[in-house]
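All figures in this text were calculated on a predicted structure; none of them were measured in a lab. Residue numbering restarts at 1 for every chain, and letters A, B, ... go by the order of the sequence lines. Keep in mind that the numbers below use all heavy atoms, side chains included, and drop hydrogens, waters and symmetry copies.
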Amino acid sequence: MKIYNTLTRKKETFVPLEEGHARLYVCGITSYDYCHIGHARSALVFDMVVRYLRYHGYRVTFVRNFTDIDDKIIARAAEQGVDSKQLAERFIDEFYTDMDALGALRADIEPKATEHIQEMIELVQDLIEKGLAYPSGGDVYYRVRRFTTYGTLSGRKLEDMQAGARIDVNEQKEDPMDFVLWKGAKPGEPKWASPWGEGRPGWHIECSAMSRKYLGASFDIHGGGKDLIFPHHENELAQSVGANDCSFANLWMHHGFVTIKDEKMSKSLGNFLTIRDVLREYPAETLRLFIFSTQYRNPLDFSETALQDAQVGLDRMYDCLAGITGLVQAADTGSGGVDAGISVIGQKDRKKIESLRQRFETAMDNDFNTAQAMGHLFDGVKVLNKACRLLDSQQAAVEDLELLQQAGVTLQELAGLLGVLQQDPMQYLQEKKDNLLASISLSEEEINNLIEDRNAAREKKDWDASDAVRDKLLTHNVELHDGPYGTTWDVKA
RNA sequence: GGCGACGUAGCCAAGCGGUAAGGCAGAGGUCUGCAAAACCUUUAUUCAGCGGUUCAAAUCCGCUCGUCGCCUCCA
């Protein structure tokens with residue numbers, strides 16, 4: 001499989017350092033607020049990556065950190081008059097609540113910065129010994145110009161950056177581009193003892209220290225949002241390579257942003273929706289389908305319409321699975337194992353059904369092209385629906401039923417790699433109906449009574465009366481469907 | 001100012017040198033007393049524009065226009 005590497009700006013064949021074992025480190029959240037849809041994308045993208053690597057047969061060690069000490073946490077805690085540690089803990093809990101609601105897998109190791117102060121101090125000491133860092137006025141800084149390849153990951157030169165310098169002038173630094181590894185404590189701030197006095201870690205050092213501890217100096221994949229490329233990942237790279245004298249992450253994966261009206265969703269712009277905001281309106285699987293409708297590196301524009309489209313698509317997939325289940329059940333109770341009928345599924349459609357897994361994998365192997373992979377899934381749905389329709393109207397051949405049943409299982413398995421289509425289809429559709437029913441002013445019994453009245457009128461061919469009932473129900477968003485086996489109803493969304 | 005990404009049907013989105021996947025919406029059809037729902041079929045001579053390379057370009061190169069991002073905390 002191929003993965004796009006930010007470092008080389010190319011898709012590269014994925015070959016883990018240790019055979020059969022993929023080690024990956026993803027930058028997690030800074031816990032001072034509820035997570036928004038951008039965080040959901042990050043979590044779900046790497047959730048999909050991990051699931052797919054495991055599907056491919058790799059043993060995966062997935063590390064994702066929590067930044068539980070930093071300026072924003074301290075500021076927010078001060079604002080609310082609470083302890084910064086408690087604030088961080090609280091939003092880690094909220095993060096888990098959201099992740100569980102999204103059905104995202106837990107990382108194998110979820111280290112917190114504050115629990116690795118010692119490791120960070122050791123790393124900073126390594127850097128000082130190598131001449132790559134220097135203490136200054138209670139702080140410790142990284143000597144950027146000493147790391148000759150600085151800027152490789154983000155593709156920028158030190159000179160270029162100075163041109164547009166929005167860098168704060170800091171008297172303590174030898175060079176304005178130097179970044180802080182350790183910050184001396186200001187009065188009232190959380191602090192830890194260190195060889196340079198009391199203080200706290202800079203932002204970037206935690207990831208270098210924790211990845212080294214849990215994955216080793218070199219590992220396979222380092223991931224995060226595109227906004228982390230500079231300065232966070234560039235600095236991590238400088239720290240780790242500088243301290244360990246060996247390559248750091250082999251491959252850097254960065255996902256695109258979630259936008260609203262083509263602008264980046266962010267706290268500072270105030271144009272964000274939290275995960276729980278969205279999950280109040282749509283099921284998690286709908287959100288996942290939406291997120292995977294675009295390849296992970298491209299921007300993803302959030303809108304009500306896009307979510308509704310995803311919802312319709314998800315329902316269609318479940319309808320298809322329910323159709324297969326219904327057909328198989330009918331056949332079981334019907335002909336009782338007697339091979340009725342001849343195959344009606346054409347050669348071309350059979351081939352499409354049988355190649356579904358192959359096509360899905362080819363798309364996913366190409367830098368996790370979930371958009372294309374989903375296209376194949378929907379294409380499968382189309383062919384399966386067609387087959388269901390054909391079988392429904394005649395005696396089903398055993399081989400056809402088996403093909404459909406198997407295809408349904410495959411469809412659900414593959415969709416599961418994206419975390420969708422994981423519910424029992426019958427139950428999903430029933431729940432949807434129940435939820436909608438709860439939102440209208442009629443009970444199921446009242447609806448059924450009205451349907452009986454209407455059917456009585458229809459017997460007498462009193463179309464005016466029957467249509468009146470239908471219209472009345474429609475004002476309550478109840479739609480009637482007259483089928484060969486009687487009248488069923490649904491609630492309009 | 002520096003660096004980078006993107007621009008494909010009404011909307012979303014794949015394709016990245018061999019002649020336009022898929023989804024939503026729309027249209028036609030099957031079904032129906034009429035509907036609805038469901039399902040089927042269908043919808044881009046063309047890929048922002050202009051040049052160039054090539055037997056062949058949405059795909060490669062150059063320029064122009066437009067949108068967005070990073071360079072400051074950010075997923």
For a quick check, tell me whether the side chain of A:Arg470 and the base of B:A35 share a donor-acceptor pair closer than 3.5 Å. yes

Please state how far atom NZ in A:Lys157 lies from atom C1' in B:C70, giving the value in whole angstrom units. 16 Å

Would A:Asp315 and A:Tyr428 count as having a side-chain donor-acceptor pair, cut-off 3.5 Å? yes

For a quick test of reading the model: is some side-chain N or O of A:Lys382 closer than 4.0 Å to OP1 or OP2 of B:G22? yes

For nucleotides B:C6 and B:C55, find the distance between their C1' atoms and express it as a whole number of Å. 31 Å

Separation of atom CD1 in A:Ile229 from atom C1' in B:U72, rounded to whole Å: 16 Å

Test item: side-chain donor near acceptor, A:Asn455 and A:Glu459, under 3.5 Å: no

With nearest nucleotides of RNA chain B determined for A:His481 and A:Tyr32 from heavy-atom distances, which residue corresponds to the more 5′ nucleotide? A:His481

Give a yes or no on whether the backbone of A:Phe292 and the side-chain of A:Arg41 come within a donor-acceptor separation of less than 3.5 Å. no

Distance, rounded to the nearest Å, where A:Arg297 contributes CZ and B:G69 contributes C1': 15 Å

Considering only nitrogen or oxygen atoms on both sides, find all protein atoms under 3.5 Å from nucleotides 12-16 of chain B and state each distance.
unit_1 : atom_1 : unit_2   : atom_2 : d
B:A14  : OP1    : A:Gln295 : N      : 2.8
B:A14  : OP1    : A:Asn298 : OD1    : 3.2
B:A14  : O3'    : A:Asn369 : ND2    : 2.7
B:A14  : O2'    : A:Gln372 : NE2    : 3.2
B:G15  : OP1    : A:Asn369 : ND2    : 2.6

Determine the interatomic distance between C1' on B:G10 and the same-named atom on B:U54; round to the nearest Å. 35 Å

Test your reading of the model: is there a side-chain donor-acceptor pair from A:Asp301 to the backbone of A:Asp262, 3.5 Å cut-off? yes

From the options B:G22, B:G69, B:G33, select the nucleotide whose nearest atom is closest to the side chain of A:Trp463. B:G33

Give the rounded distance in Å between these two atoms: CG of A:Asn455 and C1' of B:G33. 13 Å

Separation of the C1' atoms in B:G62 and B:G22, to the nearest angstrom: 34 Å

Categorize A:Gly313 for me: base, sugar-phosphate, or nothing, with a 4.0 angstrom heavy-atom threshold over every strand shown. nothing

Using the benzene-type ring in the case of Trp, are the ring centres of A:Phe46 and A:Phe368 under 6.0 Å apart? no

Pair A:His254, A:His233: side-chain N/O donor-acceptor within cut-off below 3.5 Å: yes

Over how many whole Å does the gap from A:Asn271 atom CG to B:C68 atom C1' extend? 13 Å

Under a plain distance cut-off of 3.5 Å, with no hydrogens placed, do A:Asp277 and A:Thr274 share a side-chain donor-acceptor pair? yes

Return the value, rounded to whole Å, for the distance between atom NZ of A:Lys472 and atom C1' of B:A35. 19 Å

Suppose we call two aromatic rings close when their centres sit under 6.0 Å apart. Are A:Phe290 and A:Tyr282 close by that rule? no

For a quick check of understanding: with a heavy-atom distance under 4.0 Å over all strands, which category does A:Val258 fall into, base, sugar-phosphate or nothing? base

Distance check: side-chain N/O of A:Arg316 vs OP1/OP2 of B:A38, anything under 4.0 Å? no

Which nucleotide wins on minimum distance to the side chain of A:Ser268, given the candidates B:C34, B:C73, B:A37? B:C73

Least distance between heavy atoms, A:Gln239 atom then A:His204 atom: OE1-O, 3.2 Å

Base, sugar-phosphate, or nothing for A:Lys461, non-hydrogen atoms under 4.0 angstrom? nothing

Would you say A:Asp68 and A:Thr114 are linked by a side-chain donor-acceptor pair, where the criterion is simply a distance under 3.5 Å? yes

Contact nearer the 5' end of RNA chain B, comparing A:Gly155 with A:Glu479: A:Gly155

Tell me whether A:Phe257 and B:G69 count as stacked here, given that the ring centres must be under 5.5 Å apart and the planes must differ by less than 30 degrees. no

Would you indicate what A:Asp490 reaches in the nucleic acid, counting non-hydrogen atoms under 4.0 angstrom: base, sugar-phosphate, or nothing? nothing

Can you check the distance between B:G18 and B:A13, where both ends of the measurement are the P atom (answer in whole Å)? 24 Å

Between the base of B:G33 and the side chain of A:Asp467, is one N or O donor paired with an acceptor at under 3.5 angstrom? yes

So A:Arg156, base contact, sugar-phosphate only, or nothing? Heavy-atom distance under 4.0 Å. base

What is the distance, to the nearest angstrom, from the NE2 atom on A:His255 to the C1' atom on B:C68? 16 Å

Answer with base, sugar-phosphate or nothing: what part of the nucleic acid does A:His232 contact at a heavy-atom distance below 4.0 Å? nothing

Counter-base of B:C24, judged by Watson-Crick or G-U geometry with both distances under 3.5 Å: B:G10

Look at all strands and tell whether A:Gly38 reaches a base, only sugar-phosphate, or nothing, counting heavy atoms closer than 4.0 Å. base

Touch check for A:His36, heavy atoms < 4.0 angstrom, all strands: base, sugar-phosphate only, or nothing? base

Side-chain N or O of A:Lys226 closer than 4.0 Å to phosphate OP1/OP2 of B:C68: no

Presence of donor-acceptor pair under 3.5 Å, side chain of A:Ser466 and base of B:G33: yes

Distance between the C1' atoms of B:G66 and B:U53, in whole angstroms? 26 Å

Is a donor from one side chain sitting under 3.5 angstrom from an acceptor on the other, for A:Gln329 and A:Thr325? no

note: A:Met265, atom CE; B:C68, atom P; distance rounded to Å ~ 16 Å

RNA chain B contacts made by residues 353-360 of chain A, counting heavy atoms under 4.0 Å: none

Please assess A:Asp98 against A:Tyr34 for the test side-chain hydrogen bond (donor to acceptor under 3.5 Å, both in side chains), listing each intermediate value before the final yes or no. CA-CA 9 Å; A:Asp98 289 337; A:Tyr34 294 106; over 6 Å; no

So A:Leu228, base contact, sugar-phosphate only, or nothing? Heavy-atom distance under 4.0 Å. sugar-phosphate

Using the P atom as the point on both nucleotides, what is the distance between B:U19 and B:C65, in whole Å? 34 Å

Is A:His39 close enough to B:A75 that one of its side-chain N or O atoms is under 4.0 Å from OP1 or OP2 there? yes

Check whether the ring centres of A:Tyr25 and A:His222 lie less than 6.0 Å apart, and answer yes or no. yes

